[in-house]
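See structure below.
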Amino acid sequence: MPAAAAAIFRFLDGVISVSKTQSQYLARFTRKHISIIPNGIDLDDYKTSEQASSKEYLEILFIGRFEPRKGIQYAIAAYEKLKNKYPKIRLNLVGDGELRNEVEKYVKDNSIQDVNFLGFVDDPTKIELLKKADIFLAPAIYGESFGIVLLEAMATGTPIAGFANEGYLNVISEDIRPFFPSPRDQEAFTSALEQLVISSDTRDKCIREGYQIIQHFDMAMVARKVLEVY
């Protein structure tokens, strides 16, 4: 990557980075000005109607590769602890990867109830799952340049909790920050999830804050910024 980047960047007229975190990496390969323009989403695709309040289970959703960096192990550990206290929660896992068999075996061997392995899904199904979820988990511990999946969750009105890796900090606000403890802090992550599980008022507050955040990432606004660079 460094060798390829050094060669390619000589021919570029402009450089766009999605975040300050990523731009710091790109700056190693070029002295050109780097315009920081975030990823965007089409908010119309994520609009959701009011959900019924009579759901039997509180739905918790994880979407990502089953690998250590994405933090699937932290999601399982937090859910396992809280499931004993709050039986009416359910965990839906979307994705696949090297830890799939290990995670499935752990869930089975420890008799952890109401864990659904949904595998890979297409984008429309992903959006529908986000709309139905009550809490979205993003426990990636490092290596994220941006938090597009956080934007998608907030756009569907779903409260979020995860780890404060550098990429996610480009997206979340100070009001959301308490639900994103330092990476690998299992106890704090479990506590953040528990706050969202037990308090509908807390979830509603996060939903309102999420709607405010995503207005800055509307694709129409992002596209205009990209056109200005061109």
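At least one donor-acceptor pair closer than 3.5 Å links the side chain of Arg203 to the backbone N or O of Leu196. A distance-only check finds a donor-acceptor pair linking the side chain of Thr158 to the backbone of Leu130 [under 3.5 Å]. A donor-acceptor pair under 3.5 Å links the side-chain atoms of Lys55 to the main chain of Lys132, judged by distance alone. At distances below 3.5 Å, not a single donor-acceptor pair connects side-chain atoms of Asn116 with backbone N or O atoms of Leu118. A side-chain donor-acceptor contact under 3.5 Å links Asn170 to the backbone of Gly167. Of the possible polar contacts, none joining the Asn110 side chain to the Ile112 backbone as a donor-acceptor pair under 3.5 Å is found.
If you chain together hydrophobic residues whose side chains sit under 4.5 Å apart, Tyr168 and Tyr142 fall into the same group. A single hydrophobic cluster is not seen to contain both Met221 and Phe146; linkage of ILVMFWY side chains at heavy-atom distances under 4.5 Å, directly or through other members, places them apart. Residue Tyr211 is grouped with residue Val149 when hydrophobic side chains (ILVMFWY) are merged at heavy-atom distances under 4.5 angstrom, including chains of intermediate members. Taken together through direct or relayed side-chain contacts under 4.5 Å among Ile, Leu, Val, Met, Phe, Trp and Tyr, Ile34 and Tyr25 form part of one hydrophobic cluster. Note: the hydrophobic cluster containing Met219 does not contain Leu43 (ILVMFWY, side chain heavy atoms under 4.5 Å, direct or indirect links).
Closest approach of Gln22 and Val18 over heavy atoms only: OE1-N, 3.1 Å. In plain terms, the two heavy atoms of Pro183 and Ile141 that are nearest each other are CB-O, 3.5 Å. Pairing each heavy atom of Leu82 with each of Val197, the nearest pair is CD1-CG2, 4.5 Å. Closest non-hydrogen pair, Gln186 versus Ala77, comes out as OE1-CB, 3.4 Å. The minimum heavy-atom distance linking Arg69 with Arg65 is given by the pair NH2-NH2, 2.6 Å. Minimum interatomic distance between Pro159 and Cys206 (heavy atoms only, all atoms of both residues): CB-CB, 4.0 Å.
Under the 4.5 Å side-chain criterion, counting only non-hydrogen atoms from C-beta, Thr190 is not in contact with Tyr79. Put simply, the side chain of Ile41 reaches to within 4.5 Å of the side chain of Tyr46, judged on heavy atoms. Two residues are said to be in side-chain contact when any heavy atoms from C-beta on lie closer than 4.5 Å; Pro68 and Gln73 meet this criterion.
The line from CD1 of Ile60 to CG of Leu93 is 10.0 Å long, rounded to the nearest 0.5 Å. In this structure, OG1 in Thr156 is found 10.0 Å from CD in Glu128, a value given to the nearest 0.5 Å. Distance check, rounded to the nearest 0.5 Å: CD1 of Ile36 to CD of Gln24 gives 8.0 Å. Separating the CZ atom in Arg100 from the CD1 atom in Ile72 is a distance of 10.0 Å, to the nearest 0.5 Å. Rounded to the nearest 0.5 Å, atoms CD (Glu152) and CG (Leu129) are 12.0 Å apart. Rounded to the nearest 0.5 Å, atoms CD1 (Ile148) and OG (Ser19) are 11.5 Å apart.
Ring centroid separation for the pair Tyr74 and Phe163 comes in under the 6.0 Å cut-off.
Other residues, nucleotides and ligands contribute only 12 or fewer heavy atoms inside 6.0 Å of the NZ atom of Lys20. No more than 12 heavy atoms of other residues, nucleotides or ligands sit less than 6.0 Å from atom CD of Glu166.
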For the pair Thr202 and Gln195, evaluate side chain to side chain donor-acceptor pair (under 3.5 Å) and give the outcome as yes or no after the intermediate values. CA-CA 7 Å; Thr202 300; Gln195 291 179 56; 5.8 Å; no
How far apart are the C-alpha atoms of Lys83 and Asp114, what are their side-chain angles, what is the distance that settles it, and do they pass the salt bridge (charged side-chain N to carboxylate O under 4.0 Å, His left out) test? CA-CA 9 Å; Lys83 181 65 174 176; Asp114 300 312; 2.6 Å; yes
Please walk me through it: do Leu58 and Arg90 pass side-chain contact (heavy atoms from CB on, under 4.5 Å)? CA-CA 6 Å; Leu58 192 76; Arg90 176 160 52 201; over 6 Å; no
Apply side-chain contact (heavy atoms from CB on, under 4.5 Å) to Phe180 and Leu150, showing your working. CA-CA 12 Å; Phe180 281 76; Leu150 303 185; 4.2 Å; yes
Could you walk me through whether Glu80 and Tyr106 pass the side chain to side chain donor-acceptor pair (under 3.5 Å) check? CA-CA 11 Å; Glu80 180 182 15; Tyr106 182 86; 2.6 Å; yes
Hey, mind stepping through Asp122 and Thr125 against side chain to side chain donor-acceptor pair (under 3.5 Å) and telling me if it holds? CA-CA 5 Å; Asp122 58 22; Thr125 303; 2.6 Å; yes
Residues Ser191, Glu187; criterion side chain to side chain donor-acceptor pair (under 3.5 Å); working and verdict: CA-CA 6 Å; Ser191 177; Glu187 183 177 355; over 6 Å; no
Under the side-chain contact (heavy atoms from CB on, under 4.5 Å) criterion, do Val171 and Leu151 qualify, and how do the steps go? CA-CA 8 Å; Val171 173; Leu151 297 184; 3.4 Å; yes
Determine whether Lys108 and Glu104 satisfy the following criterion, salt bridge (charged side-chain N to carboxylate O under 4.0 Å, His left out), listing intermediate values before the conclusion. CA-CA 6 Å; Lys108 181 179 179 181; Glu104 287 186 333; over 6 Å; no
Show the numbers, then the answer: is there a side-chain contact (heavy atoms from CB on, under 4.5 Å) between Lys126 and Ile63? CA-CA 8 Å; Lys126 177 187 69 174; Ile63 299 176; 3.6 Å; yes
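In this pair, Phe117 and Phe66 present their aromatic rings tilted. The plane angle is within the 30 to 60° band.
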Below 3.5 Å, can you tabulate the donor-acceptor pairs from side chains in residues 4-16 to any protein atom, sequence neighbours excluded?
none

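A salt bridge links Glu56 to Lys88: at least one charged side-chain nitrogen sits closer than 4.0 Å to a carboxylate oxygen. Ionic pairing of Arg177 and Glu174 is not present here: no N-O contact between side-chain nitrogen and carboxylate oxygen is shorter than 4.0 angstrom. With respect to the salt-bridge test (charged N to carboxylate O, under 4.0 angstrom), the residues Lys85 and Glu194 qualify.
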